[in-house]
Each structure stands twice: as structure tokens, then as C-alpha cells.
Amino acid sequence: MRAVDDSRPKYAAIMRVLMSWKQLPESDVSRMLHDYFLTTDDFREMEDQGYITMAYSGDEYMIVPTLLGRLWLEQYEAGESSNGI
């Protein structure tokens, strides 16, 4: 049996927070989503996929959702709602 790490629920949670706040420092996102163990690498992975941008501001990264990230979240939520029926 092969273990598969599905990061989509974690990404969706991050995107939902960012959709509400528009931009947040990395530490605030991690604090709001304390159910997930979030690291800077999680955010870098999302940035590599084009879902967010990260800009160093002060002493930590400021995280901002991208248009691609917003579209991904809409598609993800549409898929989740159709699977729940």
C-alpha cells in the first residue's frame, strides 16, 4: 500500500483565510489554521504552483492570493460540493 499526501484540503484552508483577509503575514495564517502544521515550505510549494505570492516584509513573509489561486479554490470547492451529494 502506498501513502499519498493530499495537500488540497490544507491549500483550500489557506486560500479561504486569504480570501477573507486579502493578505496576511505567514505567522498569522499559521496561527489561524492551528489544526494544520504549516511550514514555510508549504507556502513555497503553493507559490511554486502559482496559488499565492510571498514577499518578505519586515521579519516574515507577507502572503497574498493570486488569481490562479482564487480560481483553484473555486474549482476545488465545486468538486467538493458535487462529491458530497
Side-chain angles (χ1 to χ4, degrees):
M1 177 171 273
R2 189 175 91 193
V4 177
D5 183 22
D6 185 6
S7 297
R8 293 177 302 162
K10 178 173 36 177
Y11 290 175
I14 292 168
M15 291 304 299
R16 285 184 197 109
V17 167
L18 292 174
M19 294 302 292
S20 296
W21 291 91
K22 308 300 181 220
Q23 67 177 13
L24 284 169
E26 179 183 356
S27 63
D28 287 355
V29 176
S30 296
R31 194 174 309 114
M32 289 178 181
L33 299 172
H34 56 83
D35 291 343
Y36 297 97
F37 179 72
L38 297 172
T39 64
T40 301
D41 286 340
D42 293 319
F43 296 111
R44 285 186 181 135
E45 193 174 299
M46 289 182 71
E47 184 179 41
D48 288 345
Q49 293 181 24
Y51 300 155
I52 62 170
T53 58
M54 297 172 60
Y56 207 71
S57 176
D59 61 346
E60 65 181 316
Y61 287 104
M62 185 64 69
I63 300 173
V64 181
T66 64
L67 178 58
L68 178 61
R70 293 175 184 167
L71 294 172
W72 176 86
L73 181 62
E74 287 179 20
Q75 184 178 27
Y76 175 79
E77 289 180 337
E80 287 294 304
S81 64
S82 66
N83 289 339
I85 297 175

Colleague: Among residues at least two apart in sequence or on other chains, which ones pass ring pair (Phe, Tyr, Trp, His ring centres under 6.0 Å) with Phe43?
Modeller: none
Colleague: Ignoring hydrogens, what is the shortest heavy-atom contact between Met54 and Arg44? Give both atom names and the distance.
Modeller: SD-N, 3.8 Å
Colleague: Would you sort out whether Leu38 and Lys10 count as a side chain to side chain contact (heavy atoms under 4.5 Å, CB included), showing the intermediate values?
Modeller: CA-CA 9 Å; Leu38 297 172; Lys10 178 173 36 177; 3.3 Å; yes
Colleague: What closest approach, in Å, do Leu73 and Met15 show between heavy atoms, and which atom pair accounts for it?
Modeller: CD2-CB, 3.9 Å
Colleague: So how far is it from Ser30 OG to Leu24 CG, rounded to the nearest 0.5 Å?
Modeller: 10.5 Å
Colleague: Please name the residue in the list Ile52, Thr53, Thr66 that meets the side-chain contact (heavy atoms from CB on, under 4.5 Å) test with Met46.
Modeller: Ile52
Colleague: Is Ile63 close to Gln23 at the side-chain level, that is, under 4.5 Å between some pair of heavy atoms?
Modeller: no
Colleague: Would you say Met62 and Tyr51 are hydrophobically clustered, going by side-chain heavy atoms of ILVMFWY under 4.5 Å?
Modeller: no
Colleague: List for me each residue that meets side chain to side chain contact (heavy atoms under 4.5 Å, CB included) alongside Arg31, sequence neighbours excluded, and say none if there are none.
Modeller: Ser27, Asp28
Colleague: Listed by chain and number, what are the ring pair (Phe, Tyr, Trp, His ring centres under 6.0 Å) partners of Tyr76, not counting sequence neighbours?
Modeller: Trp72
Colleague: Going through the checks in order, is the side chain to side chain contact (heavy atoms under 4.5 Å, CB included) test met by Val64 and Lys22?
Modeller: CA-CA 6 Å; Val64 181; Lys22 308 300 181 220; over 6 Å; no
Colleague: Would you sort out whether Tyr61 and Glu47 count as a side chain to side chain contact (heavy atoms under 4.5 Å, CB included), showing the intermediate values?
Modeller: CA-CA 12 Å; Tyr61 287 104; Glu47 184 179 41; over 6 Å; no
Colleague: Identify whether Leu71 and Ile14 are in the same connected component of the hydrophobic contact network (ILVMFWY, side-chain heavy atoms under 4.5 Å).
Modeller: no
